[in-house]
Amino acid sequence: MAKRIDVKELNLYYGKFHAVQEVSIAVPPRNVTAFIGPSGCGKSTVLRSLNRMHEVAPGARVEGSVQLDGEDIYASSVDPVQVRRTIGMVFQRPNPFPTMSIKDNVVAGLRLAGTKNKKQLDEVAERSLRGANLWNEVKDRLDRPGGGLSGGQQQRLCIARAIAVQPDVLLMDEPCSALDPISTLAIEDLITELKKDFTIVIVTHNMQQAARVSDQTAFFNLNGVGQPGRLIEVDDTEKIFSNPSQKATEDYISGRFG
Amino acid sequence: MTTDTADLTRLATPPTFQSVSGARKFKNGLATAAVWGAFLVAIVPLVWVLFIVVQRGLPIVVNADWWQKSLNGLLSRQQGGGVYHAIYGTLVQGLVCAVISVPIGLMVGVYLVEYGGRSRLAKATTFMVDILTGVPSIVAALFVYSLWITTFGFGRSGFAVALALVLLMVPVIVRTTEEMLKIVPDELREASYALGIPKWKTIVKIVIPTALSGILTGIMLALARVMGETAPVLVLAAYAPYINYNLFDGPMASLPLLMTTERSNSTAAGFDRIWGAAITLVIIITLFNLLATVVSRVLAPKTK
């Protein structure tokens, strides 16, 4: 469980476009790291490169290394499917599988990987839904379609689905941006809970959210449109929000920025 | 002192909102009339055709013999008998065609959307499918005739008809599959990848099930379409008034073929058989369409 991530001199491209330049960052285990920065600065791209989802886009390319407990996930011998199994992801918009029931959504990862034992699947479903603080709301309708839940519930369903395969790391790409404040609060509480078992990296546009949930914050920026995004600084969240070492960071968090 | 009352009641500023202008009302009326007119023009022939088919055909088919017997041994002017032989031919030719076309069309569609991308092979395939979509059924029939019968030396048979129908059905299924797979959001694929599910399993277990109701509707419609095709049965199968269960050998009737054959029969019996076969074909195709609707309702992603 809960492994550390070391990113070294990462460069990311979409075709000829250089999206992210020279990012190096260390993410300690059992810790929440927040990526903040203006739109287009490459924070989501960096996040997606951490479980090899970046390369799913046509023409996408990666240079540099990403290590999970010292193992390079981009080594040529590594199967990207296994990487994604170890490093789970929650997306911006809740995306439960529309043809599946609530329970089938949660156990989709295990079932499609070949687990057939019904008792085991039931146990995993309950444990994951409890872990995502959704069990009490859906325990009486596990066979209903996942698409019938509210947006916030769907997002927690997606988190349950992601933790059901017991990943070491959980990546979250703006998980609350499509949710109302109450659902957001539920997810933030959940992140604090999940931190005990998982290494979490979260991209957010909401700086209060970064300040509330994260231990470490990374600020990304770009020099201009069409320029690659860069990591400006990474430090303890408290320090970033009280006394950042870069002026760009201070401008951004205090709202004196674009 | 005289006060101008009009001045007192007039507002200081003109109102922000005015009534709909005359020109817009006129255009709206014109467009409404055009839409209704087009609707009527489209619906009148449809109702007319259905009315005549039902009026002339229904009395013939409300008869158990019609569905259970063939025309074997009957003279052309003799009333009675049934079209079981032709219903059998139509259904079997259509289903064999579907059994061959569905896997091919489905897999080509999956290739084009999930794997082909913008590669040359994908572009060439799309181009070929486009051309095949536009091939008239008589051309498909003649192609199968020259290949299957002239070159390979097989006889005319129900199977040759099914082969020609395959040429007509595959492009329709490829197109439907493509369109349906394209509207499955990429987010679902990514959600599946992020769970460590390999691409092929994502396609088989997530993407295709999500698109399945639309794909099946397309398949059913394509099937209904090819079952009414006349050119392939005229060219590739001889008519038989008796029941031939053998798809690979001998003459085999089908509803369109029975109708064209009976056209040379100028007696009242021939007239009845044509209209009876027509409404039978309409009923079969309607049943397939209903089946498609039910199946796609059952399979469609639900929210409740």
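For clarity, every value in this text was computed on a predicted model and none was experimentally measured. Reminder, nothing fancy here: chain letters follow the sequence lines and each chain counts from 1.
- Chain B forms the most heavy-atom pairs under 4.5 Å with one residue out of Arg52(A), Arg141(A), Arg85(A), and that residue is Arg85(A).
- For Ile131(B), the CD1 atom counts as densely surrounded, since its 6.0 Å shell holds more than 12 non-hydrogen atoms of other residues, nucleotides or ligands.
- The OG1 atom of Thr210(B) sits 7.5 Å away from the CE atom of Met100(A) when rounded to the nearest 0.5 Å.
- The 12-atom threshold is not exceeded at CZ of Arg297(B), counting heavy atoms of other residues, nucleotides or ligands nearer than 6.0 Å.
- Between chain A and the options Val204(B), Val184(B), Leu195(B), the largest number of non-hydrogen pairs under 4.5 Å is found for Leu195(B).
- Atom CZ of Phe17(A) is surrounded by more than 12 heavy atoms from other residues, nucleotides or ligands within 6.0 Å.
- The 12-atom threshold is not exceeded at CZ of Arg225(B), counting heavy atoms of other residues, nucleotides or ligands nearer than 6.0 Å.
- In this structure, the side chains of Lys205(B) and Arg111(A) stay at 4.5 Å or more apart for every pair of heavy atoms.
- In terms of heavy-atom proximity, Pro198(B) sits nearest to Val81(A) at CA-CG2, 3.9 Å.
- Side-chain atoms of Asn95(A) come within 3.5 Å of backbone N or O of Glu187(B) as a donor-acceptor pair.
- A 4.5 Å side-chain heavy-atom check between Tyr193(B) and Met53(A) finds at least one atom pair inside the cut-off.
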Check the pair Leu112(A), Thr202(B) against side chain to side chain contact (heavy atoms under 4.5 Å, CB included), reporting the backbone distance first and the verdict last. CA-CA 9 Å; Leu112(A) 296 189; Thr202(B) 300; over 6 Å; no
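- Interface remark: Phe97(A) contributes backbone and side-chain atoms alike to the contact with chain B (heavy atom separation under 4.5 Å).
- Scanning both residues, Met89(A) and Ala194(B), for their nearest heavy atoms gives CB-CB, 3.7 Å.
- When all heavy atoms of Phe91(A) and Ala191(B) are compared, the pair lying nearest together is CE1-CA, 3.6 Å.
- Heavy atoms of Ser192(B) lying under 4.5 Å from chain A belong to its backbone as well as its side chain.
- Counting only heavy atoms from C-beta outward, the side chains of Pro98(A) and Leu188(B) approach each other to under 4.5 Å.
- Taking a 6.0 Å sphere around CH2 of Trp67(B), one finds it holds more than 12 heavy atoms contributed by other residues, nucleotides or ligands.
- For a residue to count as touching a neighbouring chain, one of its non-hydrogen atoms must lie under 4.5 Å from one of that chain's; by this rule Leu110(A) does not touch chain B.
- Rounded to the nearest 0.5 Å, atoms OG1 (Thr99(A)) and CG (Leu212(B)) are 9.5 Å apart.
- Proximity to chain A (any heavy atom under 4.5 Å) is restricted, for Arg118(B), to the side chain, taken from C-beta onward.
- With a threshold of 4.5 angstrom between heavy atoms, Pro80(A) does not approach chain B through any atom at all.
- With a threshold of 4.5 angstrom between heavy atoms, Arg161(A) approaches chain B through its backbone and through its side chain.
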